[in-house]
Amino acid sequence: MSQARTNSEGLQEGRLPGLRVKYVFLVWLGVLAGSWLAYVHYSSYAELCRGHVCRVVICDQYRKGIISGSICQDLCNLQQVEWRTCLSSVPGQQVYSGLWQGKEVTIKCGLEESLSWKAGADVAPRRELVLFDKPTRGTSIKEFREMTLSFLKANLGDLPSLPALVGQVLLMADFNKDSRVSLAEARSLWALLQRNEFLLLLSLQGRGHAAPLLGHCGDLYVTEGVPRSSGPAAALPALLRPLLPPALHGALQQWLGPAWPWRAKIAIGLLEFVEELFHGAYGTFYMCETTLANVGYTAKYDFRMADLQQVAPEAAVRRFLRGRHCERSADCTYGHDCRAPCDTLLRQCKGDLVQPNLAKVCELLRDYLLPGAPAGLRAELGRQLRTCTTLSGLASQVEAHHSLVLSHLKTLLWKEISNTKYT
């Protein structure tokens, strides 16, 4: 009996060093993984967040008299534009939350993709030559007006409303209201027009679903407020977001996102935005990356498009598709998800998109609205959203059918939240 006990104790003692080794190994593995994640996060941050480079480049060219704008003085001389949190998602488009004149703002500044973030002192001169070279010295205001109109026609289509948009551009250029547009003012506005999001913001001003433009300096511009994101990971620290399993996205949306009636209000705003993009004053636009991360809202839960980078004018999408060689539909993709069919006989992309804006938005709203929806509404809402997701981009379907489906959805949601504190 004592011999058996001795053997048992010996076996347990033999196992303990092995267990200790396993625990030490697991701890070491955890430290290594944590260090790697911290390194990757720091490296990504250093590449994505280069607001200091933006400030140096813009202010260098402002002091040289190459560019100008309504916030240049506050940004470069008075240091009254406060840069806060980095919100950039790609190195070429710097986005920061900030404070200016006592208001929360979003600061956006383009950095040429071709420039290395390690380029140092050579950045400013190279960027100056690339970006701020038009219009050339000696260009008259009439020539600048014609040049701007031609640019807008090429990007938005030949629309009767474009002269009014040109007028907006010239008013913005003449920020000091001296009734003349200097070369520096013209070059700043021309550089801004090359930024897709700025062009969209200008086209959608006054509609309520795009952030109001507050000012600019060169091709840096400031918009009102910092929209909150509807993405399920938005409330998590940036370091933890890549670790979030996809299965938890829906649960997090319910736990951390707005209450369902607020989500319904945001969804109505998103549907109204889709209406604005369809045959608006300055043509039709396509949403080419439809994700919850782009669905923003204000403190009052009014919809505000968080990022317009992937919203493209119809003219630009059609120009991309026209005559494009393809083997399959994936070859006919503009942006992230603006896809047209491939004619396999002619091996060319067709002109109509497979999915219109409304169908893509309804796919998004199924995951956004159905969880937590009132029991009496869920079945009908699910049915209408399913109908909506089957819409095609064929021109014959777009006009009346899309408008009817959109109208029914908005009415259904408004009925549920009307006459409550949520409206």
Side-chain angles (χ1 to χ4, degrees), residues 54 57-58 61-62 66-72 92-95 106-114 127-137 139-176 180-207 210-223 277 280-286 288 305 307-317 319-320 335:
C54 267
V57 170
I58 290 292
Q61 291 170 78
Y62 168 62
I66 295 166
I67 61 172
S68 66
S70 54
I71 66 164
C72 290
Q93 176 72 3
Q94 294 297 293
V95 183
T106 301
I107 305 163
K108 300 196 175 186
C109 171
L111 284 177
E112 300 304 307
E113 296 287 358
S114 58
R127 191 165 183 268
E128 169 190 321
L129 291 171
V130 169
L131 190 61
F132 300 111
D133 59 344
K134 289 181 181 179
T136 55
R137 192 172 295 280
T139 302
S140 68
I141 188 66
K142 184 182 177 184
E143 288 169 332
F144 181 58
R145 184 189 292 273
E146 289 170 356
M147 176 179 165
T148 305
L149 183 59
S150 296
F151 174 83
L152 293 175
K153 279 182 181 177
N155 285 274
L156 300 178
D158 192 356
L159 305 167
S161 55
L162 289 187
L165 191 57
V166 173
Q168 283 187 51
V169 170
L170 294 176
L171 279 174
M172 189 173 287
D174 182 25
F175 71 93
N176 55 8
R180 56 184 292 273
V181 178
S182 68
L183 183 61
E185 288 171 339
R187 282 180 169 173
S188 297
L189 255 294
W190 184 258
L192 277 170
L193 287 173
Q194 312 311 306
R195 304 286 173 205
N196 182 61
E197 186 176 42
F198 178 83
L199 183 57
L200 268 291
L201 281 172
L202 198 61
S203 304
L204 296 169
Q205 282 301 287
R207 307 293 183 86
L213 284 161
L214 298 180
H216 72 282
C217 182
D219 71 327
L220 177 149
Y221 58 97
V222 171
T223 60
L277 295 183
Y282 302 114
T284 297
F285 296 88
Y286 294 130
C288 293
M305 193 68 179
D307 185 5
L308 287 166
Q309 282 294 322
Q310 295 299 325
V311 177
E314 181 183 34
V317 176
R319 188 167 58 247
F320 171 84

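Residues take their numbers from the sequence shown, with the count starting at 1.
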Looking at side-chain heavy atoms only, is the closest gap between [X] and [Y] below 4.5 Å?
X	Y	value
Lys108	Arg195	no
Tyr286	Leu277	no
Pro313	Asn196	yes
Val57	Gln61	yes
Asp219	Ile58	yes

From CA spacing to verdict: side-chain contact (heavy atoms from CB on, under 4.5 Å), Leu189, His216: CA-CA 9 Å; Leu189 255 294; His216 72 282; 3.5 Å; yes

message: Could you check whether atom CZ of Arg145 has more than 12 heavy atoms from other residues, nucleotides or ligands sitting under 6.0 Å from it?
response: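 No, CZ of Arg145 has 12 or fewer neighbouring heavy atoms, counting only those of other groups under 6.0 Å.
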
message: With side-chain contact (heavy atoms from CB on, under 4.5 Å) as the criterion, how do Leu170 and Ile141 come out once you've worked through the C-alpha distance, each side chain's angles and the decisive distance to 0.1 Å?
response: CA-CA 9 Å; Leu170 294 176; Ile141 188 66; 4.0 Å; yes

Which heavy-atom pair separates [X] from [Y] by the least distance, and what is that distance?
X	Y	value
Met172	Leu202	CE-CD1, 3.8 Å
Arg187	Thr136	NH2-CA, 4.1 Å
Ser70	Phe175	CA-CD1, 3.6 Å
Glu185	Arg180	OE1-O, 3.3 Å
Pro135	Phe144	CG-CD1, 3.9 Å
Ser68	Tyr62	CA-CD1, 4.4 Å

message: Going by side-chain contact (heavy atoms from CB on, under 4.5 Å), name the residues that satisfy it together with Thr223, two or more places apart in sequence or in a different chain.
response: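 Expected list: Thr106, Leu201, Ala211, Leu213, Tyr221.
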
[X] side chain to [Y] main-chain N or O, any donor-acceptor pair under 3.5 Å?
X	Y	answer
Ser161	Ala281	yes
Glu197	Leu308	yes
Ser188	Ile67	no

field: Approximate separation, where rounding is to 0.5 Å, of Leu183 CG and Thr139 OG1
entry: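 That separation rounds to 7.0 Å.
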
field: Gap between atom CG of Leu199 and atom CZ of Phe285 - 0.5 Å precision
entry: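 Reported value, rounded in 0.5 Å steps: 6.5 Å.
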
- request: With sequence neighbours excluded, tell me which residues meet side chain to side chain donor-acceptor pair (under 3.5 Å) with Thr284.
  value: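 With sequence neighbours excluded, Thr284 shows a side chain to side chain donor-acceptor pair (under 3.5 Å) to His279, given in chain and number order.
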
Identify each donor-acceptor pair in which a side-chain atom of residues 150-158 lies under 3.5 Å from a protein atom, sequence neighbours left out, and give them as a table.
unit_1, atom_1, unit_2, atom_2, d
Ser150, OG, Glu146, O, 3.0
Asn155, ND2, Phe151, O, 2.8

message: Determine whether Leu220 and Gln94 satisfy the following criterion, side-chain contact (heavy atoms from CB on, under 4.5 Å), listing intermediate values before the conclusion.
response: CA-CA 9 Å; Leu220 177 149; Gln94 294 297 293; over 6 Å; no

task: Start with the C-alpha gap between Leu193 and Phe198, add the side-chain angles, then the distance that decides, and say whether side-chain contact (heavy atoms from CB on, under 4.5 Å) holds.
output: CA-CA 6 Å; Leu193 287 173; Phe198 178 83; 4.2 Å; yes

